[in-house]
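Input: a single structure, listed below in structure tokens.
Chain A is the first sequence line, chain B the second, and so forth, proteins listed ahead of strands; every chain is numbered from 1.
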Number of protein chains: 2
Amino acid sequence: MNIKTLSPSPEASTQDASATQRAYLAIRRMIVVGELPPGEKLKIDSLRSMLDTGASPIREALSLLTSDQLVERIDQRGFRTAATSLENFEEILALRCSLEDMALRQSIANASEQWEESLVLSHHRMVRESRDNIERFEERHKAFHMALLDNCGSSILLRFCSQLYDLNIRYRYLAGKSLNYQKKRDVSKEHEDILNAAIERNADLASERLLNHYRQTGAFLTGLFSTASEQR
Amino acid sequence: MNIKTLSPSPEASTQDASATQRAYLAIRRMIVVGELPPGEKLKIDSLRSMLDTGASPIREALSLLTSDQLVERIDQRGFRTAATSLENFEEILALRCSLEDMALRQSIANASEQWEESLVLSHHRMVRESRDNIERFEERHKAFHMALLDNCGSSILLRFCSQLYDLNIRYRYLAGKSLNYQKKRDVSKEHEDILNAAIERNADLASERLLNHYRQTGAFLTGLFSTASEQR
DNA sequence: TTTCAATAAAATATCGATTTTTTATATATA
DNA sequence: TATATATAAAAAATCGATATTTTATTGAAA
């Protein structure tokens, strides 16, 4: 089988795409990573000069981000990055668990050899990337998790899951350095276990492992978040 | 209790909103209602003159509609209305059933007197509107269905449900006149039964009735759609 | 004929300037 | 001192023109 057809390489972005597309990806990255903090006013002009482009691409990009729920738009009053809160985080986590459970089970129900192989491949790519470049790793990490769901047969559901993933990962970045904790937990092992359960087509086990994986990180972040809020 | 605080009146739109907002609502309406058929190229210039506004508001509106999945954007190649297909319809229906089931159960779990009252009110408004102006009725119809879910406590889930509702209703409009069938089925009765089960806080019954309500219309539309496709 | 390349037309995407709206500041009034 | 009102500054929203890209057309070569 041709690897190329199995899954497109993660590159191929930002090259000669439209200014709107570039702006979209750049701003999105900045929000997810936390370079643009939650609740921050997004001034067209600042972004315009920052990304060295016109107002139209910026505005279009922000409009797109609005539906990703990473940006809030107030008519006539501009844009700002979405606020964060403990409640919001918990809402995202809970919904994510429900939807990913659903998608994973459907994926496994539709399991095929090709899907299996794409899982192994995306897992491998994630493992190989590890450690040095965190953003790059997160990209592969997402790719692996999405690959688990990719076979569910509903592109809309996938889209929702992808959105929720990004909303969630934003909180991980916000927690930032504290995440050294992650090393105590053996996350790699958890990934392997999920992968194996999926390949064995054991939906209950795979789902259980996946949700535990999320909930553990979730509980930790929740703790962080509430202590952080109390400090103010 | 003050009615005003219970639920905002459905009006208050399109007045002195921004050109973008007006364009968004107008184009969205045209797509949902079918005035802009599925798969149709959306030329900026046509829309510009049609809505008597500049290119920027149009483009922003289309960007927003992209994430509603009512419009597809092909980078550098413009926008078109989302295509329709039997598979797409069934995907929407299935996902809608899953998510609304989830939301309705949570709504009922969180049931409160105020929620109960908002249900009764939105139901009443729908019943009063009936028959003459179809678009107006559909607005109320959506309001009622969303009111059922509104108490679920997750604004993101609500948003997803709302999106799916619009995607679905589009198919109802496409089916068009054939919907006289709806009169044979006693839809009003179905609505009442759902309302009553919700008010009695019987989650299983309410959910069962709600999903049946959707699936019956769904099965009918599926039939229509497949015969229509065969004719080509 | 079919295929290809060059050109012309159309449409998208982008820019820079202008208008409108909001927000901040200063001034007057109760 | 607090409240309201007028003014100035800043920012958002919009427009019209230009640049870029895609799509359609034409004519030549295989």
For [X] and [N], is the shortest distance between a side-chain N/O and OP1 or OP2 below 4.0 Å?
{"X": "A:Thr53", "N": "C:dT14", "result": "no"}
{"X": "B:Arg77", "N": "D:dT23", "result": "yes"}
{"X": "B:Ser18", "N": "C:dT21", "result": "no"}

Could you tell me how far apart [X] ([atom1]) and [N] ([atom2]) are, to the nearest whole angstrom?
{"X": "A:Leu62", "N": "D:dA13", "atom1": "CG", "atom2": "C1'", "answer": "13 Å"}
{"X": "A:Gln76", "N": "C:dT21", "atom1": "CD", "atom2": "C1'", "answer": "6 Å"}
{"X": "B:Ile74", "N": "C:dA13", "atom1": "CD1", "atom2": "P", "answer": "9 Å"}
{"X": "B:Lys41", "N": "D:dA24", "atom1": "NZ", "atom2": "P", "answer": "10 Å"}
{"X": "B:Gln21", "N": "D:dA12", "atom1": "CD", "atom2": "C1'", "answer": "15 Å"}
{"X": "B:Phe79", "N": "C:dT12", "atom1": "CZ", "atom2": "P", "answer": "9 Å"}
{"X": "B:Asp45", "N": "D:dC15", "atom1": "CG", "atom2": "P", "answer": "13 Å"}
{"X": "A:Lys43", "N": "C:dT21", "atom1": "NZ", "atom2": "P", "answer": "21 Å"}

Parallel, tilted or perpendicular: rings of B:His145 and B:His191 (30°, 60°): perpendicular

Donor-acceptor contact below 3.5 Å, side chain [X] vs main chain [Y]:
{"X": "A:Glu91", "Y": "B:Ile156", "result": "yes"}
{"X": "B:Ser162", "Y": "B:Leu158", "result": "no"}
{"X": "B:Thr81", "Y": "B:Glu40", "result": "yes"}

Check: A:Tyr171 and A:Asn88 side chains under 4.5 Å, non-hydrogen atoms: yes

So what does [X] hit on the nucleic acid, given a heavy-atom distance under 4.0 Å: a base, only sugar-phosphate, or nothing?
{"X": "A:Asp52", "value": "nothing"}
{"X": "B:Ser56", "value": "base"}
{"X": "B:Leu42", "value": "sugar-phosphate"}

Comparing A:Asp75 and A:Thr20 on DNA chain C - which has the more 5′ nearest nucleotide: A:Thr20

